[in-house]
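Treat the numbers as computed from the prediction; the structure is a model and nothing was measured. The basis for the numbers below is simple: all heavy atoms, side chains too, and nothing from hydrogens, waters or symmetry mates.
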Amino acid sequence: MAKNTSSNVFRTLDVDQFNEDNYKEENDTDPAALGPNDSLITSLLAANKPVEALTHLLSGATLGIKDQAARTASLTLAMRVLMAIKVSQIDDAVAQLDNESRDVLMKFIYRGFEVPNEGSSAHLLVWHEKVFTVAGVGSIVRVLTDKKRV
């Protein structure tokens with residue numbers, strides 16, 4: 001037992017920085033990273049290559065942006081890509097993605113549930129089922145607990 005317990009010289013780590021009152025939200029979004037290239041994705045959709053468009057969309061997705069207009073534009077583009085992929089192609093599209101891309105895809109799916117369009121909810125449920133089958137419960141937990149939204 002230490003004889004002098006009022007001394008804090010023994011501390012090698014400043015534990016006060018982890019106090020909840022001192023928490024500051026990270027703002028690591030790069031203003032130069034404006035998200036996916038809309039013209040490239042639109043041209044891929046026009047060329048009937050929706051799976052490649054999905055890959056480009058997920059690789060260029062910016063997470064944690066505060067600008068509501070940019071978030072809405074990103075969601076609109078994502079919904080166009082998701083609706084362009086036929087139900088029979090969803091399995092192959094999900095299988096080509098890595099785990100991080102599947103998590104971003106799941107974020108777009110949940111964001112699409114927030115703003116339903118005519119016929120989109122049924123298609124998003126199919127997407128959710130296919131991503132869940134491959135990625136498991138872990139993907140859902142990571143998406144719902146992550147502070148960075150799409």
Side-chain angles (χ1 to χ4, degrees), residues 11-150:
R11 285 189 183 176
T12 59
L13 180 67
D14 182 20
V15 294
D16 293 329
Q17 71 179 353
F18 299 111
N19 187 354
E20 289 183 17
D21 297 332
N22 296 335
Y23 176 74
K24 293 183 178 107
E25 190 170 331
E26 296 176 5
N27 191 8
D28 60 349
T29 57
D30 183 16
L34 299 175
N37 187 351
D38 294 345
S39 60
L40 174 66
I41 292 174
T42 305
S43 66
L44 286 172
L45 288 175
N48 201 18
K49 298 180 181 178
V51 178
E52 290 181 32
L54 178 68
T55 306
H56 284 291
L57 173 79
L58 297 177
S59 65
T62 54
L63 303 176
I65 54 175
K66 303 279 186 202
D67 184 22
Q68 189 62 33
R71 290 179 68 201
T72 304
S74 177
L75 176 65
T76 304
L77 184 62
M79 292 300 292
R80 277 189 21 223
V81 171
L82 292 177
M83 294 301 146
I85 297 177
K86 297 180 177 106
V87 175
S88 60
Q89 298 174 323
I90 293 176
D91 283 328
D92 296 331
V94 172
Q96 292 178 6
L97 301 174
D98 60 340
N99 282 336
E100 189 173 323
S101 296
R102 287 186 198 116
D103 288 348
V104 174
L105 175 60
M106 192 67 90
K107 287 180 183 186
F108 277 119
I109 291 169
Y110 281 127
R111 183 82 199 287
F113 283 140
E114 292 177 10
V115 187
N117 294 334
E118 187 174 330
S120 68
S121 295
H123 201 70
L124 288 174
L125 281 173
V126 173
W127 272 102
H128 187 274
E129 176 191 3
K130 303 298 183 180
V131 174
F132 174 73
T133 302
V134 175
V137 178
S139 177
I140 295 173
V141 171
R142 286 188 296 273
V143 167
L144 294 179
T145 58
D146 193 6
K147 292 184 182 218
K148 295 181 179 179
R149 306 281 184 221
V150 291

Does some side-chain heavy atom of [Y] sit less than 4.5 Å from a side-chain heavy atom of [X]?
{"X": "Arg142", "Y": "Met106", "result": "no"}
{"X": "Met83", "Y": "Asn117", "result": "no"}
{"X": "Pro50", "Y": "Asn48", "result": "yes"}
{"X": "Leu54", "Y": "Leu105", "result": "yes"}

Distance-only, no hydrogens or angles: does the [X] side chain make a donor-acceptor pair with backbone N or O of [Y] under 3.5 Å?
{"X": "Trp127", "Y": "Leu82", "answer": "yes"}
{"X": "Thr133", "Y": "Glu129", "answer": "yes"}
{"X": "Ser74", "Y": "Ala70", "answer": "no"}
{"X": "Arg102", "Y": "Val94", "answer": "yes"}

Separation of [Y] [atom2] from [X] [atom1] (nearest 0.5 Å):
{"X": "Ser139", "Y": "Lys107", "atom1": "OG", "atom2": "NZ", "result": "9.5 Å"}
{"X": "Asp146", "Y": "Asp103", "atom1": "CG", "atom2": "CG", "result": "8.5 Å"}
{"X": "Phe108", "Y": "Leu77", "atom1": "CZ", "atom2": "CG", "result": "8.0 Å"}
{"X": "Arg111", "Y": "Leu75", "atom1": "CZ", "atom2": "CG", "result": "5.0 Å"}
{"X": "Met79", "Y": "Leu57", "atom1": "CE", "atom2": "CG", "result": "11.5 Å"}

Under the side-chain contact (heavy atoms from CB on, under 4.5 Å) rule, what do Ile90 and Ile85 come out as? Steps first, then yes or no, please.
-> CA-CA 7 Å; Ile90 293 176; Ile85 297 177; 4.1 Å; yes
Kindly indicate, with the supporting measurements, whether the criterion side-chain contact (heavy atoms from CB on, under 4.5 Å) is fulfilled by Val81 and His56.
-> CA-CA 10 Å; Val81 171; His56 284 291; over 6 Å; no
Show the nearest heavy-atom pair for residues [X] and [Y], with the distance to one decimal.
{"X": "Leu45", "Y": "Ala53", "result": "CD2-CB, 4.1 Å"}
{"X": "Val104", "Y": "Ala61", "result": "CG1-CB, 3.9 Å"}
{"X": "Val141", "Y": "Thr145", "result": "O-OG1, 2.7 Å"}

Verdict with supporting geometry, Arg71 and Thr62, side-chain contact (heavy atoms from CB on, under 4.5 Å) = CA-CA 9 Å; Arg71 290 179 68 201; Thr62 54; over 6 Å; no
Give me the ring orientation class for His128 and Phe113: parallel if the planes are under 30° apart, tilted from 30 to 60°, perpendicular past 60°.
-> tilted
Checking side-chain contact (heavy atoms from CB on, under 4.5 Å) for the pair Glu100/Leu58: CA distance, chi angles, key distance, verdict?
-> CA-CA 9 Å; Glu100 189 173 323; Leu58 297 177; over 6 Å; no
Quick one: side chain to side chain donor-acceptor pair (under 3.5 Å) pairs with a partner in residues 81-97, sequence neighbours left out?
-> none
